[in-house]
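All remarks here apply to the structure that follows.
Please read all numbers here as calculations on a predicted model, not as lab measurements. Here, residue 1 is the first one in the sequence, and each next residue gets the next number.
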Amino acid sequence: MAGVNRKISAASARSHTRKQRKSSSFRLSFGLISKILAVLFIGFLAWAYQAIQPPPPSICGSPNGPPVTSSRIKLRDGRHLAYKENGVPKDKAKYKIIFVHGVDSCRHDVLPVSSELYEKLGIYLVSFDRPGYGESDADPNRSVKSIALDIQELADKLDLRSKFYVIGFSMGGQVIWSCLKYIPHRLAGATLIAPVVNYWWPNFPANLSKEAYSKQLVQDQWTLRVAHYCPWLMYWWNSQNWFPSSSVLAHDPRNFPPQDRELFSKFVDRESYKAQITQQGKFYNLYQDMIVNFGSWEFDPMDLENPFPNNKGSVHLWQGDLDRLSPVSLQRYIVEKLPWIRYHELPNAGHMFSIADGMADAIVEALLLGEKQ
C-alpha cells in the first residue's frame, strides 16, 4: 500500500510540474505577445502622427526655396505678400481696387478687365498672392479675420489712401465677407463673384443647407466634413490613396456645367505660371483654404450690417444659376437676409462666368458707376 501511495505521489508531482511548465509557458507567450502588440501600437501611433503632419513650407527666397520674382511687401508679423499691379499708374488712378483670387490660383489670375476700361475710368487694380500661394509667405496663424487685416495692410503699404474697392472671386469672394466684417471703414465698395459658401453658417435653415450640401459629389461632402470637424486630418485626407479626396482641387469636370467648360480655353496662359501656385506646399494654400473657409467662423455673414447706410458705396454679389460649386439656392437666401446687397443672378451661367467676354468690364462698371451706367 505504501508503494502504491509513493507511485501516486510521484505521478501527481510529475503532473503538477507539467502544469507549472504549461502555466509558465503561457505566461511567457502572453507577455511576449503583449510586448509585441504594444510596440506595434506605438509604431502605428508614430506612423499616424507623421502621416497627418504636413512638411514645412518651401519658403520663397530661402536657400532651398523657390526664387522671389515678384514685388512684395513686408507685413506686421514679418511675412511677405507678393502682388501684381494692373491698369493705369497708381498716382493717376481715379479708382483703386484690390482683387482677391480663388482656390488654386495666384496674383496672375486676375479679373480680365479690358485695357479700354482701365483707361476710360482710370482704374488701378492690384492682385496679390493670398498667404501660402505663389510667392506670399504662409501664415501659420491664418484665420477668417487675418486675411482682411492683410488686405488692409497691403492697401497701406501701397498707399491706396483711406478707402479702396475690393473684388473677390470664388473662395476669394468668401474673403470679401471678412473685409465687410473687419475693415468696413476702409471700403469704398465691394463685389463678391460666385463666392464659396460655408454650409455651417448658423443662419442657414438646416433643410436648405443640407439639400445644397447633398448635391455636392460624395467625395467632396467627406472632404468638407474633414475640413470642418477634423481639420488636423486635412493633410492626410488629401494625400492618402485609400479614399477619393477633393474633386474640386483635382479640377474634376463634373463640377462644371457645359457653359463653364466652354471657357476653359481661356486658361491656356496659366501653363506659364501654374507650377508657382502651390510651389510652397499644398497644405499652406489649398488645404488651409478648406480648413479656414469651411471651419467654424467667428461670425455669420448674414448678421452683417450695411457698411454704406448713406449710399456712399455699394456691395454686389454676382451668381450663375447653374453654378455647381457655389449653390444658387444659398446665395438667394443670403441676399434675402441682406437686402442691401445688389444681387446679379445670371441665367444659364456656371461658376466661371466672370472670364466670359465682356463680363469683367460689366462687373467692374456696376461696382464703380452703379446707377451712373
Side-chain angles (χ1 to χ4, degrees), residues 86-87 97-118 121 123 125 127 130 165-177 189-198 212 215-217 220 247-270 277 289 293 301 314-336 338 341-370 373:
N86 309 268
I97 303 173
I98 295 179
F99 179 76
V100 190
H101 66 75
V103 71
D104 202 9
S105 302
C106 68
R107 65 191 182 280
H108 297 300
D109 295 299
V110 68
L111 194 65
V113 179
S114 69
S115 57
E116 291 79 12
L117 190 67
Y118 277 133
L121 298 184
I123 301 170
L125 188 151
S127 53
R130 291 195 285 112
Y165 295 85
V166 289
I167 299 176
F169 167 67
S170 190
M171 206 161 274
Q174 198 181 53
V175 170
I176 305 304
W177 293 122
T191 292
L192 303 89
I193 305 171
V196 170
V197 171
N198 187 323
K215 291 180 180 178
Q216 302 296 303
L217 296 178
D220 292 317
S247 75
V248 176
L249 300 183
H251 304 288
D252 192 318
R254 290 177 295 174
N255 289 311
F256 302 95
Q259 291 85 343
D260 279 342
R261 293 197 290 270
E262 290 173 3
L263 298 170
F264 284 176
S265 61
K266 294 181 177 290
F267 290 125
V268 64
D269 291 340
R270 289 187 97 233
I277 295 174
D289 264 358
N293 294 314
S314 58
V315 180
H316 298 254
L317 195 156
W318 294 74
Q319 175 70 29
D321 67 348
L322 299 180
D323 195 328
R324 297 176 185 174
L325 298 176
S326 301
V328 67
S329 60
L330 299 184
Q331 308 289 21
R332 289 169 179 167
Y333 187 82
I334 290 171
V335 297
E336 181 182 323
L338 303 175
I341 289 182
R342 300 183 187 183
Y343 183 53
H344 312 261
E345 185 174 307
L346 305 179
N348 298 313
H351 192 68
M352 308 302 300
F353 63 84
S354 61
I355 63 172
D357 292 343
M359 274 308 307
D361 284 10
I363 290 169
V364 171
E365 283 188 298
L367 174 63
L368 302 182
L369 304 180
Q373 292 185 83

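Contact annotation: the side chain of Val113 approaches that of Asp361 to within less than 4.5 Å [non-hydrogen atoms, C-beta and beyond]. With contacts defined as side-chain heavy-atom distances shorter than 4.5 Å, the pair Arg332/Glu345 qualifies. At least one side-chain heavy atom of Phe169 sits under 4.5 Å from a side-chain heavy atom of Ser354. The closest side-chain heavy-atom distance from Phe353 to Ile363 is below 4.5 Å. Counting only heavy atoms from C-beta outward, the side chains of Leu346 and Met359 approach each other to under 4.5 Å. Between Val103 and Val196, every side-chain heavy-atom pair lies at or beyond the 4.5 Å cut-off. At least one side-chain heavy atom of Leu317 sits under 4.5 Å from a side-chain heavy atom of Leu192. The side-chain heavy atoms of Leu325 and Phe256, taken from C-beta on, include a pair separated by under 4.5 Å.
Contacts of Ser105 classified as side-chain contact (heavy atoms from CB on, under 4.5 Å), with partners at least two apart in sequence or in another chain: His101, Asp109, Arg270. Partners of Arg130 by salt bridge (Lys or Arg N to Asp or Glu O under 4.0 Å), not counting sequence neighbours, listed by chain and number: Asp289. Among residues two or more places apart in sequence or in another chain, the side chain to side chain donor-acceptor pair (under 3.5 Å) test is passed with Gln216 by Tyr199. A search for ring-ring contact (aromatic ring centres under 6.0 Å, His included) contacts involving His251 returns nothing, not counting sequence neighbours. Scanning for side-chain contact (heavy atoms from CB on, under 4.5 Å) contacts around Glu336 gives an empty result, with sequence neighbours left out. Scored by the side-chain contact (heavy atoms from CB on, under 4.5 Å) test, Leu121 finds Tyr95, Leu117, Ile123, Glu365, Leu368, Leu369 as partners (sequence neighbours excluded).
Residue Ala360 comes nearest to Pro112 through the heavy atom pair CB-O, 3.5 Å, listed as atom of the first residue, atom of the second, then distance. Nearest heavy atoms, Leu111 versus Tyr118: O-OH, 4.3 Å. Closest non-hydrogen pair, Ala356 versus Lys266, comes out as CA-CE, 4.4 Å. Nearest heavy atom pair, residue Val166 against residue Leu367, reads O-CD2, 4.4 Å. When all heavy atoms of Val110 and Ser127 are compared, the closest pair comes out as CG2-CB, 3.9 Å. For the residue pair Asn255 and Ser247, the shortest heavy atom distance occurs at ND2-OG, 2.9 Å.
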**Study point:** Trace of the side chain to side chain contact (heavy atoms under 4.5 Å, CB included) decision for Ile334 with Tyr343
**Key:** CA-CA 10 Å; Ile334 290 171; Tyr343 183 53; over 6 Å; no
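Salt-bridge check for Asp220 with Lys215: failed, with every basic side-chain N at 4.0 Å or more from each acidic carboxylate O.
Note: Arg324 CZ to Asp252 CG = 10.5 Å, rounded to the nearest 0.5 Å. Atom-to-atom distance recorded for Ser170:OG and Asp323:CG is 8.0 Å, nearest 0.5 angstrom. The distance from the OG1 atom of Thr191 to the CD1 atom of Ile167 is 5.0 Å, given to the nearest 0.5 Å.
Of the possible donor and acceptor atoms, one in the side chain of Gln331 sits under 3.5 Å from a partner among the backbone N and O of Pro195.
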